[in-house]
Every structure is written in structure tokens, then in C-alpha cells.
Amino acid sequence: MLEERQKKERRVGLPELPNAEKGKVVLRFAPNPNGPLSFGHARGIVINGSYAEKFDGELILRFDDTDTSVKPPLLEAYQQIPEEAEWLLGFAPHRIVIASDRMEHYYEHAEMMLSRGFGYVCTCSAESFRELRVAKSECPCRNQESGFNMELWNKMLDGTFKPGDAVVRVKTGMDLKNPALRDWPALRMQDTETNPHPRKEIGSKYRVWPLLDFQSAVEDHLQGVTHIIRGKDLMDSTRKQTLLYQHFEWDYPETMYWGRVKVHEWGGFSTSQMRRDIEAGLFEGWDDPRLPTISALKNRGITSEALRQFWIELGVTQKDISVPLATLYSHNTKQIDDDAPRISFVRNPVKLQITGEHPMTVTTSVHPNHDSMGIRTFDISNHNVLIEKEDSVKPQVRLKEFADFDLSGQSAKFISQARSDKRPIIHWISENDCKKATLIHPSDGEILEIEGVLENHEYTPGTMLQIERIGYGILLDDCTIMFTHD
RNA sequence: GCUCGUAUAGUGUAGUGGCCCAUCAUAAAGGACUCUCAUUCCUUUGACCCGGGUUCAAAUCCCGGUACGAGCACCA
């Protein structure tokens, strides 16, 4: 090396993807549609989607909807999740795969397993198999002839067996040192008469259903997935699936993992728990602003770009982390501030009557850094203005962009238009230019509805606003603002 | 219990044997700008879990410990 090594640049963005060839990368994100997307799901979408984009590859959105009783799918989620994924990424997933539409493929592979002798139908109970697993001993079913296995398989399919009577296992070895890998279950039966699949085209059509490790493994192969990036809780899944791939003589995709994430303000986020809480009436719905769902965040004014930057900044480390929302809010502020019109909202308004000679109109900018966004005009010809109750106790104040006043009860004495001293600057609204409005502020599990008056405006719902001296908010309707963050 | 994984400032993150008395962001504190408690800018505070080893040289490699997390479901 002739050249001196340069000071290394700090790596920004996503880490390198091993063995990635431009145009040939296929990634997937596979949620259970048992609810809409949560904040945590966003990581899977953002990371996998960003790699797909970076390498000119494909992102598959796959619905892992193979459980009808423990985590039953929610019909609306099949519609909502792709929309939310597209909102988050700025592009739609390239392929959508629904596991419950692909049952024939899983059956076919199960039969291959049975006939080639690396899978067997096990009629042991879950409890007795657990003991065998601990003891590293094989169960009697393990050495059945493949013909007999096919017979038993058909009894699963035709309903001779009932749920719990039999499962299909992959032969991996009962002496494996990791107990999690020993002859793991691949398919089981479910009572889809009492718990039909919510998709009506599926309903009670199947009794035998693949479990995640089998379904996911087979489907990843069928779809040509090259890279799997998922939570490290699925590390043993990789090991189980690798053993299956060896049987099928397939190559397992490259894998990367991320650790567990908690948010200081929310703790963990479980879709199942949210679903129970919503059904119990604790929340108004999936987009309740207190909930860590994508829809709630979106409705509260968090941009998809902020979410993307947030997750990319966290990267793909295997550390278990706990992050404050302030980090997300900081990204969001950077996204919205330049475009957010300034607006005045007065909480708990107190009316003041101005005494003394004073201008009849006041103008101020819509955005102090961008004159192009125009001006706001206040009409004070009736001498009445509104200020926050909290500010009304101050003896001397300056009404922002207007003038200095001395306050005394309900009256405000005009002192001077120019600043005369360092008295605090407060925001205000002229009585002629405002209407009653509500600021919705989700905080500490409560939804506070702060009444006040809002400056007249012509913004459309969805506009992000910077509420002077309060924070950022999103306009819900003419006179309702949802507080976003400071 | 068995198995697996992770450990860098308050919180995240960069760093894969010498560029590191360690990067960047965020948070906090102070300041500049500003007629918002906004934005922007500047400054400061602040970290390689512990103990051994390998090496001329370790945040980086090895071993042990500790802590935290995960899997061992006929959930995903």
C-alpha cells in the first residue's frame, strides 16, 4: 500500500448486506395479520424495504396467517397492512403472498418430507414428546415406514385424527444439543369448524395447517428469498429451518437479526394485547392516538420519513434497546418545521380590552424563516384580544409582533409599539380573527381535550401546524388540532 | 435446567488489531440568532461491563465471570 490510510469515514445508513448482488436481492417482511401494523413492525418494513430499494431488488409482503385460534387473523388487516407498508416506504411491496392461499404447496412439501423419509407423523401427545425431547430419546413414531406415515397423514387430512392427535415432525435428531431443534413440529391440526379462518374463501377448508417454521421455510424457498432480516428471537428458527433446507438440499438465505426494542413511553407493544385492550374498550380503536400503531402515529402527524430515518438510524444490531420517543420526534421536527405554518392557539382564553391609542391591524409572518409563505393579519378595531389565562397574571407583557402592554384585570394598557423593555413575549389572538377550537393532547394514557381559541385559517385537514409557544400539531378539522409533539 | 445471543457517553449508534486519550445523533447544560417555550448555529458535560490471556500493539481476537435478552409452543 503506497497511500496512507485515510481517516475512516463514519458509516451512515444501513450496514452492508452480505452477498448482495444488485438487482437480485429478494427480501420479505412477514407479519401475522392479527392486527394492523405497529411501531415495531415498521422496523421490519423499513429495513427490509430499504435494502430492497438500495439493491434494486424486491420486497415481499407475506401474511403469515396460519393460526386460527391463538392469534386469529383480522380480516381488515389484509387490506390495511399493504396500505400502511406503502405509506411507510413510499412504494408498494413488489409481491404480496398470503400463506393461507398457499396451502397446497405446504401439503406437497409435507408429503415430500414423508415420502423421502425425513419427516414423520407423530401421534405422541405434546406432553409426552416434551419429556422425550428433554431425555434426548426418540419416540416410537420416528421409525415408521413412509407408507405408514402417508396413511397417518391422510388421517390428518380427512379428519380421522382430531386436533392434538397427530403432528408432522421434521427428523432433525433427538440428540442435538440445542433442545429447541430436536424433531420440531412442522404441521398440526386446527379445529377450523369452531375457529374458521376469517377469510371466507378459506374458512373451514383445511384441518391441517403448517406451523411458522415450516411454512416460512418452504415459502422463502419458493419465492427465491435471498436475505432474511428479522428479530433475533427467530435465531433458533433459522437453525431449525436450515436443518430442513439440508433435507431438501436447498441453500438457506443470508440472515441478519435485530434485537428487542422498547420505547420508554410505551414499554413493549404486543398486537394481541392491543387487540384485547381495544375489545375491552380501553381504547377507541387501532388508531387511538395513545396506541403505538402506525395508523395512530400517522394520524398524530408523525411522517413516514421520520419513521424511516428513526429505524435506519437504529440499524440492525442485535442489542436489546430502549429508546425515547424524543428521538423520533426530533426526526419528525426536521421533516415538518420548514413547511409548518405558524398559528396561534390560545388555551383557556382571557379577554382583554385594550386602552390607549393603538394600531387597528397587526401583520406577522406565516413562517418566520420563509417569507414566501405569506403573512397573517389581525384586526383589533374592536380593541379586544385574547390571551392565555396563565399569561394574564403577568403585569407586563408584549403581545408578539404587536406592542408592549401593562395588564390590570381585564384591561391592557398600550405602552409602545416598539419594545420598551425585556418583558415576556406572549402569543395572543384578536377577538375578530378567531373561533373556538380544541387541542387534543394524548398524554399519560389520557386524551386531554384542551379548549381554546384558534386563529382563523384556511388550511385543510392534515396540515401540519406549528402552534406558537406550544408545539407541533396536525389539523383534524377546521377547529380541531391533534397535538403531535413539542 | 439445556441451548443461543448481546454488552461503547443518560439514550441510540460508528468502529472488525495500530488512524481511537474513540464517531455521529439525541438528551442535558450554557450561549448566539430570533418579537414563539419553534427553527437554525456554537460550546460544554459525558462511554469501550469485570477479570485474565494472545500480541510490539486490543473497544476490536481468545478464555472465564457478571448482567440483560431470546428459544426449548400442536403461537407468529
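Letters go in sequence order (proteins before strands), and every chain restarts at 1.
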J.: Give the rounded distance in Å between these two atoms: CG of A/Asp236 and P of B/rA76.
T.: 16 Å

J.: Could you measure between the two C1' atoms, the one in B/rA22 and the one in B/rA9, and give it in whole Å?
T.: 11 Å

J.: Can you check whether A/Phe161 and A/Trp153 have ring centres sitting under 6.0 Å from each other?
T.: no

J.: Would one find a side-chain N or O of A/Lys177 under 4.0 angstrom from OP1 or OP2 of B/rC72?
T.: no

J.: Ignoring hydrogens and angles, are the base of B/rA38 and the side chain of A/Arg469 linked by a donor-acceptor pair under 3.5 Å?
T.: no

J.: What is the base-pairing partner of B/rC48, counting Watson-Crick and G-U wobble geometry with both distances under 3.5 Å?
T.: none

J.: Distance check needed: B/rG5 P versus A/Ile321 CD1, whole Å only.
T.: 20 Å

J.: Which listed nucleotide (B/rC35, B/rU39, B/rU26) is nearest to the side chain of A/Thr333?
T.: B/rU39

J.: I'd like to know if A/Lys71 reaches the base of B/rC75 with its side chain, counting only an N/O donor and acceptor under 3.5 Å.
T.: yes

J.: If you measure from the P atom in B/rC21 to the same atom in B/rC63, how many Å do you get, rounded?
T.: 27 Å

J.: Report yes if a donor N or O on one partner sits less than 3.5 Å from an acceptor N or O on the other, where the partners are the side chain of A/Arg419 and the base of B/rC35; otherwise report no.
T.: no

J.: Check the orientation of A/His41 and A/Phe29. Use parallel for under 30°, tilted for 30 to 60°, and perpendicular for over 60°.
T.: perpendicular

J.: To the side chain of A/Leu212, which of B/rC4, B/rA76, B/rC74 is closest?
T.: B/rA76

J.: Applying a 4.0 Å non-hydrogen cut-off, can you work out what A/Arg130 is touching in the nucleic acid: base, sugar-phosphate, or nothing?
T.: sugar-phosphate

J.: A/Ala126 side chain: which of B/rG69, B/rC74, B/rC2 is closest?
T.: B/rC74

J.: Could you state the atom-to-atom distance from OH of A/Tyr106 to P of B/rC74 in whole Å?
T.: 20 Å

J.: Between atom CD1 in A/Ile470 and atom P in B/rU39, what is the gap in whole Å?
T.: 15 Å

J.: Work out how far the C1' atom of B/rG18 is from that of B/rU55, and round it to whole angstrom.
T.: 11 Å

J.: If you assign A/Leu187 and A/Met235 each to the RNA chain B nucleotide with the nearest heavy atom, which residue ends up on the more 5' nucleotide?
T.: A/Met235

J.: Taking atom P in both B/rG10 and B/rA47, what distance in whole Å separates the two?
T.: 7 Å

J.: Indicate whether OP1 or OP2 belonging to B/rU13 is found under 4.0 Å from a side-chain N or O atom of A/Thr317.
T.: yes

J.: Using Watson-Crick or G-U wobble geometry with both distances below 3.5 Å, tell me the partner of B/rU16, or none.
T.: none

J.: Could you please name the partner base of B/rC74, counting Watson-Crick and G-U wobble pairs only when both distances are under 3.5 Å?
T.: none

J.: In whole angstrom, give the distance that lies between atom CG of A/Asp183 and atom P of B/rC74.
T.: 12 Å

J.: Quote, to the nearest angstrom, the P distance that separates B/rC20 from B/rA59.
T.: 13 Å

J.: Just say parallel, tilted or perpendicular for the rings of A/His221 and A/Tyr245, cut-offs at 30° and 60°.
T.: perpendicular

J.: Any donor-acceptor pair under 3.5 Å linking the side-chain atoms of A/Ser420 with those of A/Arg398?
T.: no

J.: Quick check for you: among B/rU6, B/rA25, B/rC4, whose closest atom lies nearest to any side-chain atom of A/Gln318?
T.: B/rU6

J.: For the pair made of CZ in A/Phe214 and P in B/rC75, what is the distance, rounded to whole Å?
T.: 15 Å

J.: Can you tell me which nucleotide in B/rC75, B/rG12, B/rU3 comes closest to the side chain of A/Asn178?
T.: B/rU3

J.: Determine the interatomic distance between P on B/rU40 and the same-named atom on B/rC50; round to the nearest Å.
T.: 36 Å

J.: Tell me whether the OP1 or OP2 atom of B/rU26 has a side-chain N or O from A/Lys334 closer than 4.0 Å.
T.: yes

J.: So what does A/Gly259 hit on the nucleic acid, given a heavy-atom distance under 4.0 Å: a base, only sugar-phosphate, or nothing?
T.: nothing

J.: Contact class for A/Glu401 (heavy atom, under 4.0 Å): base, sugar-phosphate, or nothing?
T.: base

J.: Checking contacts here: which listed nucleotide (B/rA76, B/rC4, B/rU8) is nearest the side-chain heavy atoms of A/Lys319?
T.: B/rU8

J.: Whole Å only: how far is the CG atom of A/Asn369 from the P atom of B/rU36?
T.: 11 Å

J.: Between A/Ile425 and A/Ser69, who's closer to the 5' end of RNA chain B by nearest nucleotide?
T.: A/Ile425

J.: Could you tell me whether A/Leu211 contacts a base, only the sugar-phosphate backbone, or nothing, with contacts defined as non-hydrogen atoms closer than 4.0 Å?
T.: sugar-phosphate

J.: Applying the Watson-Crick and G-U wobble criteria at under 3.5 Å, what pairs with B/rA7? Answer none if nothing qualifies.
T.: B/rU66

J.: Can you tell whether the side chains of A/Arg260 and A/Asp233 come within less than 4.0 Å, N to carboxylate O?
T.: no

J.: Counting just side-chain N and O atoms, does A/Lys232 come under 4.0 Å of either OP1 or OP2 of B/rC4?
T.: no

J.: Any idea which of B/rA27, B/rU11, B/rC2 is nearest the A/Pro324 side chain?
T.: B/rU11

J.: Quick one: A/Phe63 CZ to B/rC75 P, roughly how many Å, whole number?
T.: 21 Å

J.: Please determine if a side-chain N or O atom of A/Arg188 lies less than 4.0 Å away from the OP1 or OP2 oxygen of B/rA76.
T.: yes

J.: Would you say A/Arg11 places a side-chain N or O within less than 4.0 Å of OP1 or OP2 belonging to B/rA14?
T.: yes

J.: Once you measure the plane-to-plane angle for A/His441 and A/Phe483, does it fall in the parallel (<30°), tilted (30-60°) or perpendicular (>60°) bin?
T.: parallel

J.: Would you mind classifying the nucleic acid contact of A/Val167 as base, sugar-phosphate or nothing, using non-hydrogen atoms under 4.0 angstrom?
T.: base

J.: Determine the interatomic distance between C1' on B/rG30 and the same-named atom on B/rA76; round to the nearest Å.
T.: 50 Å

J.: Taking only the side-chain heavy atoms of A/Gln466 (C-beta and beyond), determine which of B/rA38, B/rC75, B/rU11 contains the nearest atom.
T.: B/rA38

J.: If you only use heavy atoms from C-beta on, which nucleotide in B/rA38, B/rG12, B/rU3 is closest to the side chain of A/Asp337?
T.: B/rA38

J.: Nearest of B/rC74, B/rC2, B/rG71 to any side-chain atom of A/Ala180?
T.: B/rG71

J.: Before accepting this row, confirm whether a basic side-chain N of the pair A/Asp391/A/Arg469 lies closer than 4.0 Å to the acidic partner's carboxylate O.
T.: yes

J.: Which base, if any, makes a Watson-Crick or G-U wobble pair with B/rU60, both distances under 3.5 Å?
T.: none

J.: How is A/Ser322 classified with respect to the nucleic acid when contacts are heavy atoms under 4.0 Å: base, sugar-phosphate, or nothing?
T.: sugar-phosphate

J.: State whether A/Arg342 and A/Asp337 are salt-bridged, where the test is any N-O pair (Lys NZ or Arg NE/NH1/NH2 against Asp/Glu carboxylate O) under 4.0 Å.
T.: yes

J.: With both distances kept under 3.5 Å, what pairs with B/rA32, Watson-Crick or G-U wobble?
T.: B/rU40

J.: Remember a base hit wins even if backbone is also touched, and classify A/Phe129 as base, sugar-phosphate or nothing at under 4.0 Å, heavy atoms.
T.: nothing

J.: Once you measure the plane-to-plane angle for A/Phe405 and A/Phe414, does it fall in the parallel (<30°), tilted (30-60°) or perpendicular (>60°) bin?
T.: perpendicular

J.: Counting only N and O atoms by type, is there a donor-acceptor contact under 3.5 Å from the side chain of A/Asp175 to the main-chain atoms of A/Lys136?
T.: no

J.: In whole Å, what separates the C1' atom of B/rC35 from that of B/rA29?
T.: 26 Å

J.: Taking only side-chain N and O atoms of A/Thr66, does any of them lie within less than 4.0 angstrom of OP1 or OP2 on B/rA76?
T.: yes

